[in-house]
Amino acid sequence: MERNTMTTPLLMFVLLTLPCYSAHGQVNPFGIPVSVHAGKFYGTSPRDHVCGGLNYDVLEYTCCEGVPHNGAGLSCCGNRAFNLTQASCCEGQLTLNVSQLVSDCCGFRAYDPLNQLCCDSRILNRTHPHAKCCGKECYDEDHQLCCGNIVKGRKVLTKMSSHHRCCGDHQFDQQSHCCCSEPLSPEPLNASCCEPSSSNLTEIDASSPNCMPGERPCGRGACFNPTTESCCVNTTSLQGKRYLRHQTCCEGIPCPYNVASCGSQVYNPVINICCAGQLSNRVLGKNLCCGTTPYAVEERRVLCCNQTLHRGVEAGHQCSPGGHLYLPSREMVCESHVHLNNPGKHCCGEETYNPKDEICCNGLKHRRLGNMSCCGRKGYSPSTGQMKCCAGTLYDLQVQGMPTEDAQCCGSVLMEAGSTCCSAPGLDLLYPTQSGFTCCGHRYPNSSLWSCCAGVLHPRTERNTTSKNMIPGPRLLPLGDLKTEDLCYTEVLLGTVETVSMKMNERSIVMLNAMSVQASRGNVNALPSPLYHTLPDHCSFPELVPGNTYIWVKTGFISDLSDHSSPLHSILSRC
Ligand SMILES: *[C@@H]1O[C@H](CO)[C@@H](O)[C@H](O)[C@H]1NC(C)=O
Ligand SMILES: *[C@@H]1O[C@H](CO)[C@@H](O)[C@H](O)[C@H]1NC(C)=O
Ligand SMILES: *[C@@H]1O[C@H](CO)[C@@H](O)[C@H](O)[C@H]1NC(C)=O
Ligand SMILES: *[C@@H]1O[C@H](CO)[C@@H](O)[C@H](O)[C@H]1NC(C)=O
Ligand SMILES: *[C@@H]1O[C@H](CO)[C@@H](O)[C@H](O)[C@H]1NC(C)=O
Ligand SMILES: *[C@@H]1O[C@H](CO)[C@@H](O)[C@H](O)[C@H]1NC(C)=O
Ligand SMILES: *[C@@H]1O[C@H](CO)[C@@H](O)[C@H](O)[C@H]1NC(C)=O
Ligand SMILES: *[C@@H]1O[C@H](CO)[C@@H](O)[C@H](O)[C@H]1NC(C)=O
Ligand SMILES: *[C@@H]1O[C@H](CO)[C@@H](O)[C@H](O)[C@H]1NC(C)=O
Ligand SMILES: CC(=O)N[C@H]1CO[C@H](CO)[C@@H](O)[C@@H]1O
């Protein structure tokens with residue numbers, strides 16, 4: 001997704017990079033591997049509702065070092081707030097337009113380690129996927145060596161062979177020489193300094209305590225066989241005793257009765273009843289729990305709502321889905337508020353509204369004007385083309401000075417000129433557009449360094465001129481950005497991916513509930529389910545997530561409709 005029309009000023013983009021790209025595998029709220037540095041910036045706002053000595057609303061503001069900022073859940077960089085999908089924080093300084101999720105720090109500047117290197121606090125453009133730093137320079141490990149030391153300075157040498165290694169400022173062939181110290185110099189292998197140094201001591205195994213093989217210690221001074229015996233340990237004396245068969249221990253000895261456990265206590269179910277971790281005396285017939293209170297199903301005028309037992313309840317009362325006791329003939333419950341019944345009214349959040357002349361968007365009601373739809377919590381008229389809804393955030397295109405047909409979304413952000421949107425399932429990131437760079441999932445690599453297969457990066461190790469450019473395959477776009485002529489006037493395929501597998505260079509897909517749709521003609525045809533579908537070039541297609549529902553447009557676009565409660569309705573209402 002690239003936009004090149006110049007309608008808004010291009011702001012600063014700071015070029016960035018660091019040693020090596022290796023920040024994989026971190027668990028994070030985004031579900032995909034992101035930079036290890038991002039972790040420190042998740043939800044950093046204090047939870048105590050106090051910011052700089054004043055109370056604040058955590059649902060509206062973020063507090064950074066005592067300074068409140070508009071917007072909830074932002075990250076802090078010093079006393080400034082930022083969104084970690086749009087900027088990075090290094091040593092308290094912000095770098096804009098580089099997401100913290102993919103960046104590393106080079107001193108106080110952030111950089112993208114995929115395309116850049118940080119050598120001795122300098123950001124260099126990466127010239128090779130495996131490039132590393134050699135002092136202030138970068139070198140390519142496959143073909144070069146970085147010799148010398150920090151004190152005397154480092155230098156880059158072209159490897160004479162793959163067996164060459166550094167020895168001081170020089171290189172040597174480790175098949176014929178070794179590197180001797182004092183002075184550092186390569187010597188032939190038969191030289192005395194090449195002999196291996198002091199031999200290695202074998203560690204003496206710490207032998208296990210004096211239990212027989214197969215036995216385990218039981219408290220102090222005893223052993224037991226865990227497959228046939230039990231061990232009870234006196235909690236005061238720590239003396240252990242072995243008992244035959246499986247036994248539950250009560251205070252260091254086998255329990256005298258059939259025990260059950262209630263929270264951390266053991267109890268006799270003949271005498272007690274356990275409700276939500278609390279013991280009560282057992283009363284015949286009371287065999288249900290309402291929270292911590294036992295009660296009987298036949299008890300009169302008793303109702304258990306939300307684990308609270310209400311007694312003396314008048315006939316006709318019910319529990320609302322939220323756990324409130326109410327009288328359906330007279331009242332309605334909207335979330336946690338009980339309202340008097342008003343014919344024709346429905347709930348909107350905690351309030352009631354009249355769907356005839358109001359619209360309820362995500363719990364907020366608005367006066368209905370013409371054919372309105374919801375965008376997040378706001379209402380708007382899509383048909384005027386003046387507003388654009390990006391994943392629940394509404395933009396006024398007139399205010400942005402942008403023609404309707406140019407408006408494209410990157411997740412919840414309206415894209416500006418000169419930016420590129422790279423998407424992985426669940427994460428959309430904006431990058432300043434650079435020529436020779438192509439999206440790979442949510443990353444934006446230099447295509448002469450990295451190739452991309454189905455959203456996975458591969459270093460281009462050999463200087464391979466024939467495959468310099470990635471063949472751009474179909475792109476994942478939000479449904480709202482598909483062109484009407486493609487979406488409505490051609491036959492599109494709609495279906496849920498069940499499984500994906502590889503077949504040579506092809507990707508084969510098993511789809512469920514597949515349909516072919518040509519909206520302009522009102523044609524919707526159910527296809528066999530499961531449907532077997534083959535994509536010609538695996539690598540050029542974006543990653544497809546099993547369980548997600550996609551629409552495939554013949555002109556080469558794909559859209560993930562999993563967030564749409566009725567994908568077919570979403571398509572038809574665009575046409
Ligand atoms: C950060 O920006 C993204 C869009 O780029 C948005 O979806 C997300 O909600 C924002 N996060 C916060 C905490 O505001
Ligand atoms: C890196 O590449 C960019 C774009 O080609 C260029 O503007 C910049 O000067 C380069 N930086 C360095 C340190 O070479
Ligand atoms: C992209 O990679 C190539 C190949 O190493 C390099 O020559 C070029 O400078 C890089 N471009 C940028 C902007 O870093
Ligand atoms: C090491 O081997 C070379 C050739 O095999 C020989 O000329 C040289 O004398 C040997 N040096 C020592 C110290 O044994
Ligand atoms: C001993 O041997 C182990 C493994 O062979 C090696 O990792 C270790 O460095 C050696 N220790 C010494 C002092 O040579
Ligand atoms: C546990 O040990 C203490 C101290 O030796 C002793 O008084 C107590 O009787 C022991 N309890 C059992 C159940 O044997
Ligand atoms: C239901 O119980 C939970 C836990 O006790 C409580 O937080 C919540 O407010 C209750 N809901 C209602 C509607 O009473
Ligand atoms: C609302 O939508 C209907 C059906 O598409 C259309 O006939 C009608 O003219 C629209 N009304 C307004 C006010 O846009
Ligand atoms: C170079 O790229 C072409 C086309 O992708 C490929 O067939 C070939 O195997 C590559 N050569 C090397 C040495 O990687
Ligand atoms: C090209 C681009 O995306 N530039 C953006 C950099 O960040 C600033 C501030 O967030 C935006 O205003 C620019 O549009």
Side-chain angles (χ1 to χ4, degrees), residues 12-18 21 28-30 34 38 41-45 58-64 69-77 81-88 96-102 106 109 111-131 133 136-140 142-143 375-377 389-395 408-416 419-424 426-438 442 444-451 459-465 467-470 478 563:
M12 148 183 60
F13 166 51
V14 183
L15 273 171
L16 338 151
T17 9
L18 184 113
Y21 170 69
N28 63 78
F30 301 92
V34 301
F41 295 102
Y42 302 150
T44 43
S45 212
V58 284
L59 299 177
E60 295 282 342
Y61 298 95
T62 300
C63 177
C64 294
H69 299 271
N70 260 324
L74 292 170
S75 304
C76 292
C77 187
F82 72 107
N83 182 325
L84 80 178
T85 69
Q86 293 160 1
S88 300
L96 299 181
N97 300 327
V98 178
S99 167
Q100 186 87 57
L101 298 175
V102 296
C106 189
R109 284 190 298 162
Y111 72 100
D112 185 344
L114 208 50
N115 303 309
Q116 298 170 310
L117 276 166
C118 172
C119 296
D120 207 5
S121 308
R122 284 205 316 165
I123 295 172
L124 305 175
N125 287 333
R126 190 181 276 282
T127 52
H128 193 269
H130 296 308
C133 291
K136 282 187 174 348
E137 308 301 320
C138 79
Y139 79 107
D140 155 16
D142 293 343
H143 304 102
C375 180
R377 284 164 73 80
C389 181
C390 292
T393 305
L394 193 61
Y395 295 90
Q408 287 198 332
C409 300
C410 184
S412 62
V413 176
L414 183 68
M415 289 175 65
E416 294 185 18
S419 54
T420 296
C421 180
C422 299
S423 306
L427 182 64
D428 306 284
L429 290 184
L430 272 175
Y431 295 88
T433 303
Q434 291 208 71
S435 71
F437 284 43
T438 313
H442 67 290
Y444 190 49
N446 181 340
S447 348
S448 28
L449 297 176
W450 306 93
S451 67
R460 289 185 197 274
T461 38
E462 291 312 314
R463 291 158 207 271
N464 193 336
T465 45
S467 66
K468 267 264 154 122
N469 294 307
M470 288 186 238
D563 291 342

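All ligand and atom numbering here is 1-based and tracks the order in the structure. When a residue number appears, it is its place in the shown sequence, counting from 1.
Set against the non-hydrogen atoms of Asn83, the atoms of ligand 1 under 4.0 Å away are 1 (C), 2 (O), 3 (C), 8 (C), 10 (C), 11 (N), 12 (C), 14 (O). Close contacts between ligand 1 and Ala72 involve ligand atoms 13 (C) [criterion: under 4.0 Å to a heavy atom]. Proximity to Gly73 (heavy-atom distance under 4.0 Å) selects the following atoms of ligand 1: 13 (C). Applying the 4.0 Å criterion to heavy atoms of Gln86 picks out, from ligand 1, the atoms 2 (O), 4 (C), 5 (O). Per-residue contacts place Ser412 under 4.0 angstrom from the following atoms of ligand 1 (heavy atoms of the residue considered): 3 (C), 4 (C), 6 (C), 7 (O). The Ile123 neighbourhood of ligand 2 comprises atoms 13 (C), with distances under 4.0 Å to a heavy atom of that residue. Ligand-side atoms of ligand 3 in range of Asn125: 14 (O), range being under 4.0 angstrom from any heavy atom. Of all atoms in ligand 1, numbered sequentially from 1 with element shown, those under 4.0 Å from a heavy atom of Val413 are 4 (C), 5 (O).
With rounding to the nearest 0.5 Å, the separation of CG in Asn446 from CD in Gln434 is 8.0 Å. Atoms CD and CG, from Glu137 and Leu124 in turn, are 7.0 Å apart once rounded to the nearest 0.5 Å. Interatomic distance, CG of Leu101 versus OG1 of Thr85, reported as 7.0 Å (0.5 Å rounding).
Within the 4.0 angstrom cut-off, atom 5 (O) of ligand 1 has one or more protein heavy-atom neighbours.
Residues Thr62 and Cys76 form a side-chain contact, since some pair of their non-hydrogen atoms from C-beta on lies under 4.5 Å apart. Thr438 places none of its side-chain heavy atoms less than 4.5 Å from the side chain of Trp450. In this structure, Thr420 and Phe437 have side chains that are not in contact, with every pair of non-hydrogen atoms separated by 4.5 Å or more. Inter-residue side-chain proximity for Asn70 and Tyr61 is flagged as met; some heavy-atom pair is nearer than 4.5 Å.
Residue-to-ligand polar distances place Thr127 within reach of ligand 3: an N/O pair is separated by less than 3.5 Å. For Asn446, a nitrogen or oxygen atom sits less than 3.5 Å from a nitrogen or oxygen atom of ligand 3, counting backbone and side chain alike. Looking at ligand 1, you'll find an N or O of Thr85 within less than 3.5 Å of one of its N or O atoms. Annotation: Gln434 places no N or O atom under 3.5 Å from an N or O atom of ligand 3; distance criterion only.
Ligand 1 lies nowhere less than 4.0 angstrom from a heavy atom belonging to Ser75.
Of all the heavy atoms of Ala391, none lies under 4.0 Å from any atom of ligand 1, so neither backbone nor side chain is involved.
Distances from atom 14 (O) of ligand 1 to the heavy atoms of Leu84, Leu74, Thr62, Leu429 put Leu74 nearest.
A distance below 2.5 Å between sulfur gamma atoms is not met by Cys77 and Cys64. Cysteines Cys421 and Cys409 are not disulfide-linked, with SG atoms at least 2.5 angstrom from each other. Under the 2.5 Å cut-off for SG-SG separation, Cys119 and Cys133 qualify: their sulfur atoms lie closer than that.
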